[in-house]
Every structure is written in structure tokens, then in C-alpha cells.
K.L.:
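Pasting a structure below so you can have a look.
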Amino acid sequence: MSEDKGLLIVLSGPSGAGKDTVLKQLINKNENLKLSISATTRQPRSGEVHGKDYYFISENEFMDMVSKDNMLEYAKYCNNYYGTPVMQVNEMLASGKDVILEIEVEGGAQIRNKCPESVSIFVLPPSLEVLSSRLHGRGLDSSEVIEQRLVVAKNEIKSADKYDYVVINDSLDKCVEDILCIISAEKMKVKRMKKIIDEVLSNE
Ligand code: 5GP
């Protein structure tokens, strides 16, 4: 692993756990942190912008990218495909940026296998009740879709113990602070500091 390379961070958690708000704050507070923009076959929600929120592509285009090995990971979630275009992630990591992937648990498992040097963080809602009221409160999806998402959420939470860290999103500020601490600590691991140790010794 090159120490100048950025850190790859996986952030997962059920829909409604507040990942989007957490992410916005993380990016605002840490300028070395960049968000990977995923590709999806889901229809854009009102206000979502192609190339900013997602790359909204057809299933044919998605499968073409998969077959050409252009996805670092991908999964089907609630009848739509979601995947991480590999090129943008590699470019950002090579330039020393830390890259965060906001992905569901199947994709998280693929990244842990493929990129063992990555760090994975699971954002847990304080309870399923809170999760349900957040999903209804944001008014983005129909009741039917919300019920489907709650079933998926329970299954996702069962995968939380496969992650390196679990952070509870009860207080937004605390959750953001916790994740920033994890990133700092990961970056100070000895395997990432060897070059600096050598530099200090060579300046005797
Ligand atoms: P939403 O439709 O609410 O934007 O996202 C649904 C789920 O897809 C969320 O859990 C989100 O984390 C996940 N997701 C978004 N992008 C990706 C991706 O590139 N890969 C995978 N595996 N999951 C993704």
C-alpha cells in the first residue's frame, strides 16, 4: 500500500439512517474527503441531478459497465442496480484524496474482499421505530416502498457486525464527529506512517 494514496472508506446503513446528511457534513468538515458518485438504474427523485447525486443510466448501460469491469462493486437493491464506477475512485485515491463510498451491505462486503486496506463504517439508527418515522417524515417514497425498505433495513442491520466500526446516528453532530475520529485514527495506523517515521529518522 502506498502511504500517499488516500483511504477508501465504506459507509453503509439502512435507508433513513441519515447517511446523506451525515455525508454532507463530513465533506464540509474534511476537505480531503471526496464522495464517490454511484451509477444507478433507479429513476431520479425530484430534485436529484445526473452527475451530482448519481449517474442515472439504463440497465443496458449498467450491465455494459459491469461486463467491462468498470464497476468496483455493484448490487441490486429494491429492484434497481447500484454500482461504484471504478475509474473516478482510483483517480481520487491516487491523488491522495480519501474517498467515501455510500453503499449498501452487499457492495460493502465486495469492497472488504477486494480492498482489504479499506475501512468500513456502519451507521445504525437508534431504533427501527425512529427509522420508520424518518422514512415517512422525509416524504420521498410511497408507503409501499417504505415497507419494502424497512424489511431490507432489518436485514442490513444484521450485517452490521461485519463492519470495522458501528456508529449510532442519534445525534447528528456526534455521529459526524465519531466518523471523523475513525478516519483520523485509521490514517495514523503504523502501516500508513512508515514513510514519515523513516523521514524523521533520516533528519537526525
Ligand atoms: P437510494 O435509492 O435511497 O438513493 O439508495 C438505496 C441504497 O443504495 C442505499 O442503501 C445506498 O447506500 C445504496 N447505494 C447507493 N449507491 C450505491 C453503490 O454504488 N453501490 C451499492 N452497492 N449500493 C449503493
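First listed ligand is number 1; within each ligand, the first listed atom is number 1.
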K.L.:
Among E102, Q43, Q110, which residue places a heavy atom closest to atom 12 (O) of ligand 1?
P.N.:
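Selected option, by shortest heavy-atom distance: E102.
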
K.L.:
For R45, which part has a heavy atom under 4.0 Å from ligand 1: side chain, backbone, both, or neither?
P.N.:
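Only the side chain of R45 comes within reach of ligand 1.
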
K.L.:
Find all atoms of ligand 1 within a distance of less than 4.0 Å from any non-hydrogen atom belonging to R42, and give their numbers and elements.
P.N.:
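Those of ligand 1 that fall under 4.0 Å from R42 are 1 (P), 2 (O), 4 (O).
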
K.L.:
What orientation do H50 and F56 show, parallel under 30°, tilted 30 to 60°, or perpendicular over 60°?
P.N.:
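H50 and F56: tilted rings.
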
K.L.:
Please name all residues satisfying side-chain contact (heavy atoms from CB on, under 4.5 Å) with S132, sequence neighbours left out, ordered by chain then number.
P.N.:
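For S132 the side-chain contact (heavy atoms from CB on, under 4.5 Å) partners, ignoring immediate neighbours, are H136, L150.
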
K.L.:
For L26, is there any backbone N or O sitting under 3.5 Å from a side-chain donor or acceptor partner on N30?
P.N.:
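The answer is no, because no donor-acceptor pair under 3.5 Å joins these two groups.
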
K.L.:
If the condition is ring-ring contact (aromatic ring centres under 6.0 Å, His included), which residues does Y81 pass it with, not counting sequence neighbours?
P.N.:
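With neighbours one apart ignored, the set is F62.
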
K.L.:
Look at atom 10 (O) of ligand 1 and say which protein heavy atom is nearest, naming residue and atom and giving the distance to 0.1 Å.
P.N.:
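Atom 10 (O) of ligand 1 sits closest to the protein heavy atom K19 NZ, 3.2 Å.
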
K.L.:
Has ligand 1 got any nitrogen or oxygen that is less than 3.5 angstrom from a nitrogen or oxygen of G83?
P.N.:
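Yes; at least one N/O pair falls below 3.5 Å.
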
K.L.:
Under a 4.0 Å heavy-atom limit, does M71 contact ligand 1 with its side chain, its backbone, both, or neither?
P.N.:
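It is neither; nothing of M71 touches ligand 1.
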
K.L.:
Verify whether one side chain among E61 and S58 offers a donor that lies under 3.5 Å from an acceptor in the other.
P.N.:
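There is such a pair (donor and acceptor under 3.5 Å, judged by atom type) between the side chains of E61 and S58.
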
K.L.:
Where the closest heavy atom to atom 1 (P) of ligand 1 is concerned, which of Y81, Y54, Y77 has it?
P.N.:
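Checking each option, the heavy atom nearest atom 1 (P) of ligand 1 is found in Y54.
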
K.L.:
Give the atoms of ligand 1, by number and element, whose distance to some non-hydrogen atom of S38 is under 4.0 Å.
P.N.:
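In order of number, 16 (N), 17 (C), 18 (C), 19 (O).
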
K.L.:
Any atoms of ligand 1 less than 4.0 Å from a non-hydrogen atom of E104? List them with their elements.
P.N.:
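By the 4.0 Å cutoff, the relevant atoms are 10 (O), 12 (O), 13 (C), 21 (C), 22 (N), 23 (N), 24 (C).
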
K.L.:
Testing the 3.5 Å rule here: is there a donor-acceptor pair between the side chains of E73 and T84?
P.N.:
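Yes.
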
K.L.:
Side chain of Q88, backbone of E91: donor and acceptor closer than 3.5 Å?
P.N.:
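No; zero donor-acceptor contacts below 3.5 Å.
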
K.L.:
Please list, in number order, the atoms of ligand 1 under 4.0 Å from a heavy atom of E73.
P.N.:
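It comes down to these atoms of ligand 1: 18 (C), 19 (O), 20 (N), 21 (C), 22 (N).
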
K.L.:
Using a plain distance cutoff, I'd like to know if Y74 has any nitrogen or oxygen under 3.5 Å from a nitrogen or oxygen of ligand 1.
P.N.:
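No, there is no polar N/O contact under 3.5 Å.
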
K.L.:
Establish, yes or no, whether the cationic atom of R149 lies under 6.0 Å from the six-membered ring centre of Y77 and within 45° of the ring axis.
P.N.:
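Relative to the ring axis of Y77, which defines the angle, R149 lies outside at least one limit.
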
K.L.:
Should the proximity of E106 to ligand 1, defined as any heavy atom under 4.0 Å, be assigned to the side chain, the backbone, both, or neither?
P.N.:
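Looking at E106 and ligand 1, no heavy atom falls under 4.0 Å.
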
